Amino acid sequence: MTAKVHNRLQILPKLFMKEKCYYFHKIHYRTYYKVLFFGSDLISLKSLQRVNQFKKSENLIKQLDLVTANSSKNKTLIEKYAQMENIKLLQWPNLNINHNEYDIGVIVAFGHLIKDDILNKFPLGMVNVHPSLLPRWRGAAPIIHTLLHGDEIGGVSLMKIKPNIFDVGEIISQQEVPISKDIKLPELTEQLSDIGANMLVECLRTLPECLTKAKPQNEEGVTYAKKIHKEISEVRWSDMTSREVYNLYRAIYGLYPLTTKFRDKQMKLFHAFLIENDPEYTNKSVGSLEYCENTKAIRILCKDKRFIYFKTLRILGKREISALDFYNGYIKNVALDVRKSVIC
């Protein structure tokens with residue numbers, strides 16, 4: 001009896017692989033696919049729109065439904081779009097979908113771990129659009145960390161999903177993108193979202209062949225883009241160079257303004273910029289704040305003895321004001337010997 005059970009257990013994986021191969025062979029000749037899209041934010045909305053346009057223009061997608069994780073009564077933009085386009089909405093995690101009900105799952109900025117019980121219901125598996133050149137910047141905030149670390153090259157990866165773990169699946173395709181030294185988070189997000197949406201559509205257009213050409217990720221060069229919090233906005237002048245402060249500004253632009261302390265009050269800093277070939281100011285203390293007449297900006301000295309400049313500022317409890325107004329209100333009437341010792 002034990003031998004029979006053992007033999008059956010050995011046969012099961014073979015039967016599963018045989019069934020999988022049969023499905024791939026069968027689907028190779030299919031003229032349409034059923035797609036379940038997982039997404040919750042503006043990045044995923046762009047991909048859903050592009051896939052839906054592709055569905056309307058070509059006869060390769062027969063069914064397109066959407067999974068969101070929004071538990072609020074207020075509809076998100078992607079949910080409103082789905083309703084407007086008569087795309088069926090499913091609520092995570094209570095999907096109640098059957099095996100083979102959909103051919104493939106698509107994930108874009110969804111943020112929830114996919115387990116075996118879900119993944120195994122898609123005969124072609126699931127694919128994910130990730131805005132970095134994996135294995136660099138696996139994790140929750142790849143675009144932010146791309147900017148934060150001053151990467152000159154970024155990109156988008158389209159990969160297969162592996163169960164119970166984020167961002168380690170085989171790479172279906174990648175596209176490199178040069179990163180401008182002045183581009184900020186919203187602009188780069190928009191650019192990578194467009195590229196990712198196009199890559200996703202191309203994957204769907206070339207199913208199932210594109211999946212068979214996927215390659216494992218490189219084991220070298222792995223970095224992690226951990227989730228960021230509001231505390232990251234506090235500038236550490238004695239620890240950060242002017243470029244590092246500027247990269248932080250670019251990385252969290254639109255999420256949080258840079259913050260610091262001015263005369264024991266919290267101050268927010270806006271419209272930052274650097275000046276190329278700005279000299280070192282070795283005779284000044286790190287954290288020194290002063291008004292620059294040439295640029296009409298407040299400038300603060302960083303670890304590398306170079307300034308970063310800000311066009312507007314706001315003291316906690318006050319309104320945002322120009323650098324000139326800040327100078328007139330907080331610096332101009334202070335005695336010169338005291339003014340020179342102003343440290344953030």
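No experiment lies behind these values; they were computed from the predicted model shown. The residues of the chain are indexed from 1 along the displayed sequence.
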Point-to-point distance, once rounded to the nearest 0.5 Å, from [atom1] of [X] to [atom2] of [Y]:
X	Y	atom1	atom2	value
Gln91	Leu66	CD	CG	10.0 Å
Asn164	Lys162	CG	NZ	11.5 Å
Met159	Asp167	CE	CG	4.0 Å
Ile315	Met267	CD1	CE	5.0 Å
Ile308	Met240	CD1	CE	8.5 Å

Modelled atom types, side-chain donor and acceptor of Glu320 and Thr312, under 3.5 Å =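 On atom types as modelled, these side chains qualify, holding a pair under 3.5 Å.
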Modelled atom types, side-chain donor and acceptor of Glu79 and Thr76, under 3.5 Å |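 Indeed, the side chains of Glu79 and Thr76 share at least one donor-acceptor pair under 3.5 Å.
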Take Thr295 and Phe273 through the test side-chain contact (heavy atoms from CB on, under 4.5 Å) and record every step on the way to the result.
-> CA-CA 10 Å; Thr295 61; Phe273 63 95; 3.9 Å; yes
For Ile171, does its backbone N or O pair with a side-chain atom of Gln217 as donor and acceptor, under 3.5 Å?
->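 Here the side-chain-to-backbone pair does not exist.
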When you measure from the side chain of Ser47 to the backbone N and O of Ser44, does any donor-acceptor pair fall under 3.5 Å?
->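 Such a contact is absent between Ser47 side chain and Ser44 backbone.
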Ring-ring centroid check Phe262 Phe326, cutoff 6.0 Å =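 Yes.
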Relative to the ring of Phe38, is the ring of Trp92 parallel (under 30°), tilted (30 to 60°) or perpendicular (over 60°)?
->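 Geometry flag for Phe38 against Trp92: perpendicular rings.
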Whether Tyr102 and Phe122 hold their rings parallel, tilted or perpendicular, with breakpoints at 30° and 60° =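 Ring orientation of Tyr102 relative to Phe122: tilted.
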Indicate if Phe54 and Val108 have the same hydrophobic cluster label, given that clusters are the connected sets of ILVMFWY residues with side-chain heavy-atom separations under 4.5 angstrom.
->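 They do share one cluster, since a chain of ILVMFWY contacts under 4.5 Å joins Phe54 to Val108.
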Can you sort out the partners of Tyr291 under ring-ring contact (aromatic ring centres under 6.0 Å, His included), two or more places apart, ordered by chain and number?
->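 Expected list: Tyr327.
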